[in-house]
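Computed from a predicted model, the values in this text were never measured in an experiment.
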Amino acid sequence: RPFDSALTQAQRASIRRLHTGLSGTAGRLCATTAHRLTVRRSAATEERMPKDSEPIVEQSRQDRTEGRLREALKGYERAIDLARAANDMAQRAHAQRHVRELHRELGQHRSAVSAAAEAVALYRQHDGDASLDLANALRVLALAHGSLGESPAAAASWQEARSLYMAVGVHAGVDECDQHMTQLGLA
């Protein structure tokens with residue numbers, strides 16, 4: 001596990017929860033993908049994070065790890081407000097992704113789709129159409145659509161995420177997209 005040293009305790013706990021909630025090869029693939037993408041995303045996000053939001057984001061991570069999902073959601077929403085005030089679209093989009101994941105964990109699937117779609121729009125504005133951040137946001141949007149049974153929308157997001165993961169050389173992301181597209185009957 002060469003990536004473990006770069007992960008926070010909260011990130012490792014999130015990956016364990018993901019792995020526990022999934023079974024077999026699909027679970028191992030999704031957990032491995034989440035693990036690798038979290039490592040890559042963490043370093044970039046920490047460098048760009050507005051100083052005001054660092055303690056809020058860290059507390060939100062801890063709240064989430066300890067199962068206080070509603071408190072974590074409130075914290076990430078405060079981080080979004082700070083990022084919006086600082087005109088930091090990248091941090092705002094990153095926090096939106098966490099909000100989406102928390103909405104999904106709380107069973108608020110429609111809100112999860114809205115948060116994920118906003119993150120995708122922000123990344124498109126900030127990074128254009130070819131970034132790892134956009135691929136990660138499309139991944140969570142695909143998962144959100146899938147949780148609502150919206151297969152065509154999920155498929156479109158998986159396909160776009162796959163091509164972005166391919167472009168940036170994240171083979172675990174490509175593999176996860178392929179697996180989900182196979183489940184949707186597209187591969």
Name every donor-acceptor pair, under 3.5 Å, that has one atom in a side chain of residues 76-87 and the other anywhere in the protein, sequence neighbours excluded.
from  : atom 1 : to    : atom 2 : distance (Å)
Asp81 : OD1    : Arg84 : NH1    : 3.1

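- Here the shortest heavy-atom pairing between Ala135 and Leu164 reads CB-CB, 3.7 Å.
- Annotation: side chain of His94 is not in contact with side chain of Val57 (no heavy-atom distance under 4.5 Å).
- Between Glu71 and Lys74, no side-chain nitrogen of the basic residue sits less than 4.0 Å from a carboxylate oxygen of the acidic one, so the salt-bridge criterion is not met.
- Separating the CH2 atom in Trp158 from the OG1 atom in Thr182 is a distance of 11.5 Å, to the nearest 0.5 Å.
- The minimum heavy-atom distance between Gly146 and Ala154, with the atom names listed, is N-CB, 3.9 Å.
- Put simply, the residue from His109, Arg104, His103 that forms a side-chain hydrogen bond (donor to acceptor under 3.5 Å, both in side chains) with Ser147 is His109.
- Rounded to the nearest 0.5 Å, atoms CG (Leu122) and CG (Leu134) are 11.0 Å apart.
- Residues meeting the side chain to side chain donor-acceptor pair (under 3.5 Å) test with Arg100, sequence neighbours left out: none.
- Within the model, atoms NE2 of His145 and CG of Leu138 stand 9.5 Å from one another, a figure rounded to the nearest 0.5 Å.
- Considering all non-hydrogen atoms of both residues, Ser157 and Ala142 come closest at CB-CB, 3.6 Å.
- Distance check: Arg64 CZ to His98 NE2 gives 7.0 Å after rounding to the nearest 0.5 Å.
- A donor-acceptor pair shorter than 3.5 Å cannot be found between the side chains of Gln179 and Asp175.
- Using a 4.5 Å heavy-atom threshold, the side chains of Asp63 and Gln59 count as touching.
- The hydrophobic cluster containing Val140 does not contain Val120, counting ILVMFWY residues as joined when their side-chain heavy atoms lie under 4.5 angstrom apart, directly or transitively.
- To the nearest 0.5 angstrom, Leu141 atom CG is 10.0 Å from Ser114 atom OG.
- Residues forming a side chain to side chain donor-acceptor pair (under 3.5 Å) with Gln96 (at least two apart in sequence, or on another chain): none.
- By the 4.5 Å heavy-atom criterion applied to side chains, Tyr165 and Arg139 are counted as neighbours.
- Note that the NE2 atom of His180 and the CZ atom of Arg162 stand 13.5 Å from one another [nearest 0.5 Å].
- A donor-acceptor pair under 3.5 Å is formed between the side chain of Ser163 and the backbone N or O of Glu160.
- In this structure, Val170 and Val174 have side chains that are not in contact, with every pair of non-hydrogen atoms separated by 4.5 Å or more.
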*Report the C-alpha separation of Arg92 and Asp88 in whole Å, then their side-chain angles, then the decisive distance to 0.1 Å, and conclude whether the side chain to side chain contact (heavy atoms under 4.5 Å, CB included) test is met.*
CA-CA 6 Å; Arg92 185 173 152 205; Asp88 186 339; 6.0 Å; no
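- Counting all heavy atoms, side chain and backbone alike, Leu184 lies closest to Ser151 at CD2-OG, 3.7 Å.
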